[in-house]
There are 2 protein chains.
Amino acid sequence: MVELDRADIALLRAMQKNNRLTSEELAGVVHLSPTACQRRLRRLRSEGVIEGDVSIVSPKAVGRHVTMIVMVSLERERADIVDRFKAAIRNTREVMMGFYVTGDADFMLVVTARDMEDYEQFTRRFFYENHDIKGFKTMVVMDRLKASFAIPIEA
Amino acid sequence: MVELDRADIALLRAMQKNNRLTSEELAGVVHLSPTACQRRLRRLRSEGVIEGDVSIVSPKAVGRHVTMIVMVSLERERADIVDRFKAAIRNTREVMMGFYVTGDADFMLVVTARDMEDYEQFTRRFFYENHDIKGFKTMVVMDRLKASFAIPIEA
DNA sequence: AGTGAAATTTATCTAAC
DNA sequence: GTTAGATAAATTTCACT
């Protein structure tokens, strides 16, 4: 774990909300010079504290009108089966997020689809044709309250 | 829904991966001039197709070593109770994501914590002291496979 | 070490077409 | 939609604490 001082934390907090701020704007927030802000950001990126910088696209605006939470159980929790399913997740664009978990299910997926029919087709392709899968349970997302990757950062 | 042509889609795809590309780099990707790329991005932002631009911070790098998926059931699914819980989600930094869902549970949360003890304390504060909550089920995340907001964007 | 100021390089914005 | 010039920002250099 990397050492982070107050300025780093202030920078990360700001950049998690909006990474298009100029270094001058950032300087105002963290009370350092623009140059210092840029240097710190470069360091944070090279050290992997900042993993990436992305635009957040509205699913609805690009025609993905439904989002599902899917809990998936595998037939057996054998390493090769788990790895195969992980690969399937990575290669499937409809799966926006995938978590390998302990507990009632083996995987939690967030899946987007154009509509319900589209989701139906997806389940046929992705679940029913996969013999490693014991079962899955779908929950329809009615409201996305937080879908940011904002992580609480403390001093 | 906004009309998007091939260039818009190419722009969105690129910006979902990396929004720090210069307009010249983008121009190379979408085969337009840098100015055209900037104009399109400005439009996509003003129309809300691009909801925001953020840095992705590594949870581990900032000391959040554990991630949990929590399925929450409310005592009653009454509008005011649901709204109150939505507000609680929004105001709670540990909750990285929150979805209001249909099905077995009422909410699905992604929660980060420094460690298990920290998560314990969180559950006490957030769940046990809240009388609107019937129950919750925690799944420990062993592997984050996809935790991006990359949405499949099609022509 | 890490900081800040000024000069340089680079990118973005504002036209004009 | 493009190209070119003006504006603004990021980067580098360097002196300082």
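Hydrogens, waters and symmetry mates play no part in the numbers below; they use all other heavy atoms, side chains included. Residue numbers start from 1 in every chain, and the chains themselves are labelled A, B, ... in the order their sequence lines are given, proteins ahead of strands.
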Can you tell me if NZ on Lys86(B) sees more than 12 non-hydrogen neighbours from other groups inside 6.0 Å? yes
Per the salt bridge (Lys or Arg N to Asp or Glu O under 4.0 Å) rule, what does the pair list look like for residues 13-33 of chain A, sequence neighbours excluded? none
Which range-with-range stems can be found for DNA chain C when each stem has 3 or more Watson-Crick or G-U pairs in a row and both distances sit under 3.5 Å? C:2-17 with D:1-16
Provide, to the nearest angstrom, the distance between the [atom1] atom belonging to [X] and the [atom2] atom belonging to [N].
X        : N       : atom1 : atom2 : result
Leu41(B) : dA11(C) : CG    : C1'   : 14 Å
Leu4(A)  : dA1(C)  : CG    : C1'   : 16 Å
Leu32(A) : dT17(D) : CG    : P     : 18 Å
Glu25(A) : dA8(D)  : CD    : P     : 13 Å
Asp53(B) : dT12(C) : CG    : P     : 13 Å
Leu26(B) : dC13(C) : CG    : P     : 12 Å
Glu3(A)  : dG2(C)  : CD    : P     : 12 Å

What I'd like to find out is whether the side chain of Val101(B) reaches to under 4.5 Å of the side chain of Val140(A), using heavy atoms alone. no
Are Leu145(A) and Phe85(B) packed together at the side-chain level, in the sense that at least one heavy-atom pair is separated by less than 4.5 angstrom? no
Taking the basic N atoms (NZ, or NE/NH1/NH2) and the acidic carboxylate oxygens, is any pair closer than 4.0 Å for Asp5(A) and Arg40(A)? yes
Taking the basic N atoms (NZ, or NE/NH1/NH2) and the acidic carboxylate oxygens, is any pair closer than 4.0 Å for Asp8(A) and Arg43(A)? yes
State whether a side-chain donor-acceptor pair under 3.5 Å links Ser55(A) with Asp53(B). yes
For the residue pair Thr138(B) / Tyr119(B), report whether a side-chain donor-acceptor contact shorter than 3.5 Å exists. yes
Below 3.5 Å is the cut-off: list the nitrogen or oxygen pairs between protein and nucleotides 9-12 of chain D, distance only.
| residue | atom | partner | partner atom | Å |
| --- | --- | --- | --- | --- |
| dA10(D) | OP2 | Ser23(A) | N | 3.0 |
| dA10(D) | OP2 | Ser23(A) | OG | 2.5 |
| dT11(D) | OP2 | Gln38(A) | OE1 | 2.7 |
| dT12(D) | OP2 | Arg42(A) | NH2 | 3.2 |

